[in-house]
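What follows is a single structure, written as structure tokens, with notes after it.
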Amino acid sequence: MHTTVGIIGGGPSGLLLARLLHNAGVDSVVLESRDRAYVERRQRAGILEQATVDALRAVGAGARLDAEGLVHDGVELRFDGRAHRVDFPSLTGGRRVWVYAQTEVVKDLVALQVADGGPLLFGAEVSAVEGADTDRPVIRYTHEGREQTLTCDYVVGCDGFHGVTRAAVPEGVRRTYERTYPYSWLGILAEAPPAYDELIYAHSERGFALASMRSPSVSRLYLQVPNGTDPADWSDERIWDELDARLALASDPQWRLKRGPVTQKSVLPMRSSVTEPMRWGRVFLAGDAAHIVPPTGAKGLNLAAADVIVLARALAHRSSTGSAELLDAYSDTCLRRVWRAEHFSYFMTTTLHTDPGQSAFDTRLQLSQLERIASSPHASAELAENYVGLPLGRH
Ligand code: RFL
Ligand code: PHB
């Protein structure tokens, strides 16, 4: 089999890229190792930036997002027992974010691709990419028990953090910059109405907590926990009690989350990682395959979308004009945005979490920074601009 663009991975980045290329008349094949139900059920991100929403609408995946997505004009920061709201539109020239789960984005994109797109093969596990620096790179994969090859004009690794495509960039060229954090998140999904109509990011001496949502009747909540935590050690009651303690308000001591059945519980580690360059020969990396951010800044899915928007434009430009100029600029163009998001995600994480080795001095610095955000329009605009996402083309 031969295709113009071989896409490894059917997560948000691979699926969105396939749709953008389809719109531009460029053919592609998507190879996804998992089955469709697994990919559609994987609980992850919840916040979409304007540029991500615009791209989803442009590929025809906007209908359910517009009907069911929740538009958010701000977030609440809680620290020192107080609440401070950061208003996005007034600080960013009218920009806002959407709450619409990654599971739903993936379902919408899969449905479109299956209805009228190029091949999307589930259960197709890629083992290697060969010939990155030749005119005809080859993807080796196993599908339905048989080893197969796909020759391509271009290969795009959208295969996430544990993918195989990164290895196509020679070791002597590839550089990875990484940071791990001394804490994880315990995340739950609960059949309970959200605490509040916007997200709450809470700093407390007991550790970080985040109250998010999936719909008016489903909450998504997170607690900072030590690395290596077993979710089985956290009963539902213990989780709700701890969330209430970390989200407590001095002005309203009766304030409590609305509780309901917990339907999912998992622990996720926090990591920052960037691999450079994001392109080698005819092989490109996009999304989590190239970079990971801790989820505190809500940037991972949006960075993945930004990469493939840039790449789809570059591939379409190549196909319509023959010029490789935009493809040549791909890695540098993306890395500028990636490093901005890396910094913001690091900033949000280290400002809001309690490091196990943290001193009282460190806590005072965090509170001073949060106070600065609460009292200065400049400081809150810096947070708001980063949170809603910089317009594509700027960095
Ligand atoms: P994905 O989603 O990991 O998809 C990669 C796909 O590649 C497949 N694959 C292979 N296929 C074939 N052959 C192989 N050898 C393969 N190896 C892997 C995998 O099965 C998979 O389907 O990467 P992608 O598409 O780049 O998307 C990235 C996003 O999923 C990720 O950045 C976000 O979920 C991060 N994230 C958040 N991002 C946001 O923008 N806003 C948020 O609010 C947000 N919250 C989060 C998050 C991530 C979280 N976790 C679980 C890390 C909250 C959490 C809890
Ligand atoms: C989520 O709703 O899953 C979510 C929201 C904001 C974050 C991280 C996760 O920063």
Side-chain angles (χ1 to χ4, degrees), residues 46-47 49-50 72-97 99 179 181-183 185 195-212 221-224 243 245-253 255 270-272 293-300 302-303 336-391 394-395:
I47 297 286
E49 296 173 2
Q50 178 79 55
H72 279 202
D73 280 343
V75 290
E76 187 173 294
L77 298 177
R78 283 195 186 175
F79 58 97
D80 206 17
R82 287 177 292 141
H84 173 77
R85 181 171 182 271
V86 178
D87 184 76
F88 296 149
S90 65
L91 293 162
T92 64
R95 297 171 80 83
R96 43 176 52 112
V97 296
V99 174
R179 187 181 208 283
Y181 298 82
Y183 33 73
W185 278 13
Y196 177 63
D197 52 13
E198 292 178 339
L199 268 59
I200 307 172
Y201 287 82
H203 174 282
S204 92
E205 293 201 8
R206 306 175 69 97
F208 171 73
L210 169 60
S212 180
L221 298 142
Y222 299 97
L223 282 175
Q224 173 188 344
L243 284 163
R246 295 190 192 181
L247 289 159
L249 283 174
S251 61
D252 184 4
W255 190 91
M270 313 272 279
R271 191 189 272 116
S272 302
V293 285
T296 330
K299 286 284 159 254
N302 295 297
L303 275 184
R336 278 193 290 273
R337 166 179 288 268
V338 166
W339 278 111
R340 175 88 302 279
E342 287 289 345
H343 181 269
F344 177 65
S345 304
Y346 161 87
F347 166 78
M348 288 290 280
T349 302
T350 54
T351 303
L352 290 164
H353 289 70
T354 305
D355 192 291
Q358 184 159 319
S359 67
F361 180 87
D362 299 329
T363 304
R364 288 287 184 215
L365 288 184
Q366 289 178 322
L367 290 171
S368 168
Q369 181 61 38
L370 289 163
E371 185 59 47
R372 168 88 186 136
I373 291 167
S375 58
S376 154
H378 298 291
S380 41
E382 174 63 11
L383 188 154
E385 271 196 24
N386 279 282
Y387 196 92
V388 301
L390 306 177
R394 256 182 58 195
H395 41 82

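All values below come from the heavy atoms of this structure, side chains included, with hydrogens, waters and symmetry mates left out.
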Between [Y] and [X], do the side chains contain a donor N or O and an acceptor N or O under 3.5 Å apart?
{"X": "Thr363", "Y": "Gln358", "value": "yes"}
{"X": "Gln366", "Y": "Asp362", "value": "no"}
{"X": "Ser272", "Y": "Tyr181", "value": "yes"}

Could you check whether any side-chain heavy atom of [X] comes within less than 4.5 Å of a side-chain heavy atom of [Y], counting everything from C-beta outward?
{"X": "Leu199", "Y": "Val97", "answer": "no"}
{"X": "Phe79", "Y": "Gln369", "answer": "no"}
{"X": "Leu210", "Y": "Leu221", "answer": "no"}
{"X": "Leu352", "Y": "Gln224", "answer": "no"}
{"X": "Thr354", "Y": "Glu205", "answer": "no"}
{"X": "Tyr387", "Y": "Thr92", "answer": "no"}
{"X": "Phe347", "Y": "Asn386", "answer": "no"}

Find the distance between [atom1] ([X]) and [atom2] ([Y]) and round it off to the nearest 0.5 Å.
{"X": "His72", "Y": "Arg96", "atom1": "NE2", "atom2": "CZ", "answer": "11.5 Å"}
{"X": "Thr349", "Y": "Arg179", "atom1": "OG1", "atom2": "CZ", "answer": "9.0 Å"}
{"X": "Ile200", "Y": "Leu249", "atom1": "CD1", "atom2": "CG", "answer": "7.5 Å"}
{"X": "Leu223", "Y": "Leu243", "atom1": "CG", "atom2": "CG", "answer": "4.0 Å"}
{"X": "Arg95", "Y": "Asp73", "atom1": "CZ", "atom2": "CG", "answer": "13.0 Å"}
{"X": "His84", "Y": "Ser375", "atom1": "NE2", "atom2": "OG", "answer": "8.0 Å"}

### Message
Please determine whether a side-chain nitrogen of the Lys or Arg among Glu371 and Arg82 lies less than 4.0 Å from a carboxylate oxygen of the Asp or Glu.
### Response
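The answer is yes: the pair qualifies as a salt bridge.
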### Query
Looking at Glu49 and Lys299, does any basic side-chain N land under 4.0 Å from a carboxylate oxygen?
yes
Backbone N or O of [Y] within a donor-acceptor pair of the [X] side chain at under 3.5 Å?
{"X": "Arg246", "Y": "Arg206", "value": "yes"}
{"X": "Ser368", "Y": "Arg364", "value": "no"}
{"X": "Arg340", "Y": "Leu390", "value": "no"}

### side-chain contact (heavy atoms from CB on, under 4.5 Å) evaluation trace for Met348 with Leu383
CA-CA 9 Å; Met348 288 290 280; Leu383 188 154; 4.0 Å; yes
Please report the closest heavy-atom contact between [X] and [Y], naming both atoms and the distance.
{"X": "Met270", "Y": "Pro295", "value": "SD-CD, 3.6 Å"}
{"X": "Val293", "Y": "Gly300", "value": "CG2-N, 3.6 Å"}
{"X": "Ala209", "Y": "Leu247", "value": "CB-CG, 4.4 Å"}
{"X": "Pro253", "Y": "Ser251", "value": "CD-C, 3.7 Å"}
{"X": "Ala83", "Y": "Glu76", "value": "CB-OE2, 3.3 Å"}
{"X": "Ile373", "Y": "Ser380", "value": "O-CB, 3.4 Å"}

### Task
May I have the step-by-step check of side-chain contact (heavy atoms from CB on, under 4.5 Å) for Leu303 and Arg337, ending in yes or no?
CA-CA 8 Å; Leu303 275 184; Arg337 166 179 288 268; 3.6 Å; yes
### Message
Using the rule given for side-chain contact (heavy atoms from CB on, under 4.5 Å), can you reason through Glu198 versus Val75, listing the C-alpha separation, both sets of side-chain angles and the distance that settles it, and then say yes or no?
### Response
CA-CA 6 Å; Glu198 292 178 339; Val75 290; 5.7 Å; no
### Query
Mind checking whether Tyr201 and Phe208 have parallel, tilted or perpendicular rings, split at 30° and 60°?
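Tilted, since the angle between the ring planes falls between 30° and 60°.
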### Task
Check the surroundings of atom OH in Tyr346: do more than 12 heavy atoms from other residues, nucleotides or ligands lie under 6.0 Å from it?
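No.
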### Task
Show the numbers, then the answer: is there a side-chain contact (heavy atoms from CB on, under 4.5 Å) between Trp185 and His353?
CA-CA 10 Å; Trp185 278 13; His353 289 70; 2.9 Å; yes
